[in-house]
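Notes follow the structure.
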Amino acid sequence: MPGSFTFNRRDFLSTTFGAAAGFSILPTGHRLIRELLSTPAPFSPFQFPKDFLWGAATASYQIEGAWDEDGKGESIWDHFAHTVGKVKGAATADVACDSYHRYKEDVELLKKLNLNSYRFSVSWPRIQADGTGKPNPKGLDYYKRLADTLLEAKIRPLCTLYHWDLPQKLEEAGGWPNRDLAARFTEYAEIVVRTLGDRINHWCIFNEPWVFTFLGYSSGIHAPARKNFSDCLRATHVVNIAQGQAFRAIKAINPKLQVGNAFSMSNCEPATSSDADRQAADRAHAIGNVWFLHPALKSEYPKAFPGSAPLEMMGVKSGDMELCRAPFDFLGINYYRRQFISAIAPGEGESSTGFHSYDATQGALTDFAWEVWPDSFGELLLRISREYDKPAIEITENGCSYLDSPDEAGRIPDQRRIDFMRGYLGAVGHAIQKGANIRAYHHWSLLDNFEWAEGYAQRFGMVYVDFRNQKRTIKDSGYWYGKLAASGNLS
Ligand code: GBH
């Protein structure tokens, strides 16, 4: 009944929350789940192309530490972690992996793993403590040194301009729902690219805009911990504008620079074969996967609601959609797990709006209780490839948390991570065979690190970090991945 649809804030909240944090669990034995069971495709060996890039990814706040050194300002994540009750175990990233001081050791690790691409991010408050004004030369120097060390090691730097550490002062000025942020961000992007664009050719503008807008401004489980739905929607629009403006600003500095973004994506699988569930899954895909991609490539919001998008609530003005345009040179995709999507909430009956999102639990679960289901990754990659005309794709993140720690001999036998990587890289190979143009894979993460609201309770690294003394030890999965990177032969 699209004609009679009116935008209902409460419905939307409940549905988007489900998708946001994976809060809903489909009850075991619920009739929906039985229709979903599919058999995983058998693994098939794959020889990756010679020029395929093998990488690892990290982010400034999660690894750097040195939170107030050399003129760095406070970020919303410093503020959040320093607030009682926000992060598990009262953990902070004041020190984290201390990569601000140990970056050379970390580049050595990348070399040992035979990797030729490293995705890292720049901390905005290191460059502009308050988010405006003159750049801090010491902050810029750090990233110059890091980039030069990578280049000497023949590792391609892939630099993300924003991986969630907004200067706290800008949050106090209204944060991402404030339209001024688009200009502030563009100015910051220009500073970084003017300084580092001579040595870094590949850029991601934002990391996971969906996550930092929805979890930061709507569900509040991430910094800046606001719980205001219309603020969140406004933030998504400002971020879309910022994305377009930063894209043009970078190209104006040097049109040869390759500019992309890192989108969080999750295969949205209808809970049953009913039309209602299929449509719900399409809406979940529109909001969760392409809300920041569609405006960039098509100058319009995707069809996420039974009616049209709540443009007024989002603060969309005439001419804005042109500002959002960003014809990316490549799409970065961060992929972790699929979601089951239903139009029906168990026990609640039919929902005329939105969708309900459930964590799938058919496959094995990681220690973060995320389902391992590689086929869903291949499907998502082929869908994006099909719907956006075969763009160049880089996997900018993919990984899993397992808590394996050193045995008596000091070795870390994390076979489950090896199985995960083998499965998910198999899915990448499968998608390439079917015509997707995928040129790089970055494992999340190089190091065990500060996992946001989870603190140090999750370990995503191929390298174990002993946070008592900062000792790094390559896990078995790291050695396995290193061999694969050298041969390109997944078997
Ligand atoms: C990516 O986020 C991030 O880019 C990276 O920084 C992070 O370390 C990595 O993945 C691993 O998480 O949804 O209920 O499980 C992925 C999105 C958002 C997933 C927060 C974990 C925690 C709450 N992440 N979410 S829940």
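Quick caveat, the model's predicted, so the values are computed rather than measured. First listed ligand is number 1; within each ligand, the first listed atom is number 1.
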Is any NZ, NE, NH1 or NH2 atom of the basic residue among [X] and [Y] found under 4.0 Å from an Asp or Glu carboxylate oxygen of the other?
{"X": "Arg383", "Y": "Glu379", "answer": "no"}
{"X": "Arg416", "Y": "Asp367", "answer": "yes"}
{"X": "Asp448", "Y": "Arg459", "answer": "yes"}

Subject >> Mode of His222 contact toward ligand 1 - side chain, backbone, both, neither (heavy atoms, under 4.0 Å) >> reply: side chain
Subject >> Location of contacts on Leu215 toward ligand 1, heavy atoms closer than 4.0 Å >> reply: side chain
Just to be sure I'm reading this right: ignoring hydrogens, which of [options] gets closest to [atom]? Compare them by their nearest heavy atoms.
{"atom": "atom 19 (C) of ligand 1", "options": "Trp452, Phe368, Trp370", "result": "Trp370"}
{"atom": "atom 12 (O) of ligand 1", "options": "His163, Glu451, Gln62, Glu397", "result": "Glu451"}
{"atom": "atom 9 (C) of ligand 1", "options": "Tyr335, Phe450, Tyr336", "result": "Tyr336"}

Subject >> Proximal ligand 1 atoms for Asn207, defined as those under 4.0 Å from one of its heavy atoms >> reply: 4 (O)
**OP:** Using a strict cut-off of 4.0 Å, indicate which atoms of ligand 1 neighbour a heavy atom of Phe460.
**Re:** 11 (C), 12 (O)
Original post:
What is the distance from atom CD of Glu394 to atom CZ of Phe52, rounded to the nearest 0.5 Å?
Top reply: 8.5 Å
Original post:
Taking only residues two or more places apart in sequence, or in another chain, which ones meet Tyr118 in a side-chain hydrogen bond (donor to acceptor under 3.5 Å, both in side chains)?
Top reply: Thr58
Original post:
Between Arg126 and Tyr100, is NZ or CZ placed under 6.0 angstrom from the six-membered ring centre and within 45° of the ring axis?
Top reply: yes
